[in-house]
Amino acid sequence: MWLPVRRLLELLMAGAGSEVPGHVAFIMDGNRRYADEAGVELLEGHTSGYSKMVDVIKWCFELGICHVSVYAFSIDNFRRDTGEDEAAREWGAELRVLGDLSLAPPGVQAAAARLMRSSARLAASAPPGVPRRVVNVCFSYTSTEELGAALARLRRGLAGWQLLPGDVGWPLVQSALHTGAPRAGGSPPVDLVIRTSGEERLSDFLLWQSGGALLQWLPVLWPRLSFLDLLRAVRAWRAARPALAALAATAAEREPRGRGGSGVGGGAAAGGGDEGRGGDAAGAGGGGGSGACGGGPCGGSPKGTERAASAALSAISEDEPSCAPHPSQQLRFNDFLRGLEAQRQDWIRQTLEAAGEWEEWEGPQRSHLVAPAS
């Protein structure tokens, strides 16, 4: 069956270059209508939708698309009794559950924590040279909540003297989103959004990340999406690339200069999305370096902290802690992103401990959750 499809793929790719989107997002719509039309129970419609999701993500990876996001209203199919590692093993991908997980029942939170930890371990064991693959499962998610959570993280970073007001710009906001920074363990901006069932709206899904993406509204119901439908969408993205690039260049020219730096993604050592509000609760200070320095010995408020950072150069000592912001913007970014990743990992650990499951994960796997020191 796959040989004709492979040959078709070669024909479709010929003459159009080999570029594929780096990040594709799917709004999987139409399971209910599929069940109605097929005369089956709604549960069977959702089961068919889950099976299609597994296939579509596999197709994306076969095409060379390394980051896939899906808008899911349930993660029940990922839970242990259905073999939660099976899809991750087949894809060789790290699965990240994004959204306000504090709204989910404890059992669902534990399933999400297990899924993220086990898939991260599987992805980390991939052979050298295999590209990193990430699947973002957006559950209990809205872009409105995500942006509010990102701004709260930035506010804590400013209050904890990790960041300066001049650091805050669109690259840092992107880093604080659930999807994280591209080279800090997270995903790049979305290139292509595909919604099935004929609906033409984003439904508060990855709005910030999809600002420069091509939107494809497909009439087919999600369980009936075919490999050819995906290929057509990718070809449409290729055809639209020059126009998308021109729009991106125009948008870049309108960006304020000198705000937030441009190297937050390129030089960050660790970071990524902060899955769930549970990750926020793990550290109200917003990451390493905050705490007792919130209002005190270096000054009463963040006002004038640029001058404080410069003056602190001569006072910084390896032997004495300092609450002054680091004078290097890139090191401030790195410390902030490491703090976000540490919160995410703390949430996974605390959730598994609350479920009485942390012990079964002891050993070599535990070291995967330790944030890098540098």
Side-chain angles (χ1 to χ4, degrees), residues 98-102 143-181 184-186 208 256 258-265 267-313 315-317 320-347 350 371-374:
L98 313 183
D100 187 354
L101 292 180
S102 67
S143 277
T144 303
E145 180 277 330
E146 179 184 36
L147 186 56
L151 296 178
R153 293 170 194 137
L154 295 175
R155 184 181 66 246
R156 290 195 299 272
L158 291 167
W161 296 81
Q162 288 179 280
L163 301 171
L164 301 178
D167 293 339
V168 179
W170 69 265
L172 197 58
V173 173
Q174 175 177 294
S175 304
L177 295 171
H178 293 329
T179 48
W208 181 285
R259 295 286 293 179
S262 59
V264 63
D274 185 2
E275 277 75 356
R277 295 285 290 276
D280 289 341
S290 59
C293 297
C298 293
S301 73
K303 185 177 181 180
T305 47
E306 287 90 346
R307 292 192 300 274
S310 299
L313 267 172
I316 291 178
S317 167
E320 296 181 5
S322 171
C323 64
H326 198 285
S328 165
Q329 184 185 68
Q330 188 60 67
L331 291 180
R332 290 196 300 272
F333 286 166
N334 288 353
D335 186 52
F336 176 71
L337 295 178
R338 280 196 297 269
L340 295 184
E341 178 66 8
Q343 290 176 29
R344 186 179 74 90
Q345 295 171 356
D346 284 345
W347 180 86
Q350 292 168 7
S374 61

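These figures come from a predicted structure and were not determined experimentally. Any value given below was found using the heavy atoms of this structure, including those in side chains, with hydrogens, waters and symmetry copies removed.
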**Request:** Kindly indicate whether the side chain of T179, heavy atoms from C-beta on, has any atom under 4.5 Å from the side chain of E146.
**Result:**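 Yes, at least one pair of side-chain atoms sits under 4.5 Å.
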
**Candidate pair E341 and R344, rule salt bridge (Lys or Arg N to Asp or Glu O under 4.0 Å), full reasoning** = CA-CA 5 Å; E341 178 66 8; R344 186 179 74 90; 2.7 Å; yes

Euclidean distance, [Y] [atom2] relative to [X] [atom1], rounded to 0.5 Å:
X: L340; Y: L154; atom1: CG; atom2: CG; answer: 8.0 Å
X: R153; Y: L172; atom1: CZ; atom2: CG; answer: 11.5 Å
X: L158; Y: D167; atom1: CG; atom2: CG; answer: 7.5 Å
X: Q329; Y: L163; atom1: CD; atom2: CG; answer: 9.5 Å
X: F336; Y: R156; atom1: CZ; atom2: CZ; answer: 8.0 Å

**Asked** Can L147 and V173 be said to form a side-chain contact (heavy atoms from CB on, under 4.5 Å), step by step?
**Response** CA-CA 8 Å; L147 186 56; V173 173; 4.1 Å; yes

**Message:** Among R332, R338, Q330, which residue satisfies the side chain to side chain donor-acceptor pair (under 3.5 Å) criterion with N334?
**Reply:**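 Between N334 and the candidates, side chain to side chain donor-acceptor pair (under 3.5 Å) is satisfied uniquely by Q330.
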
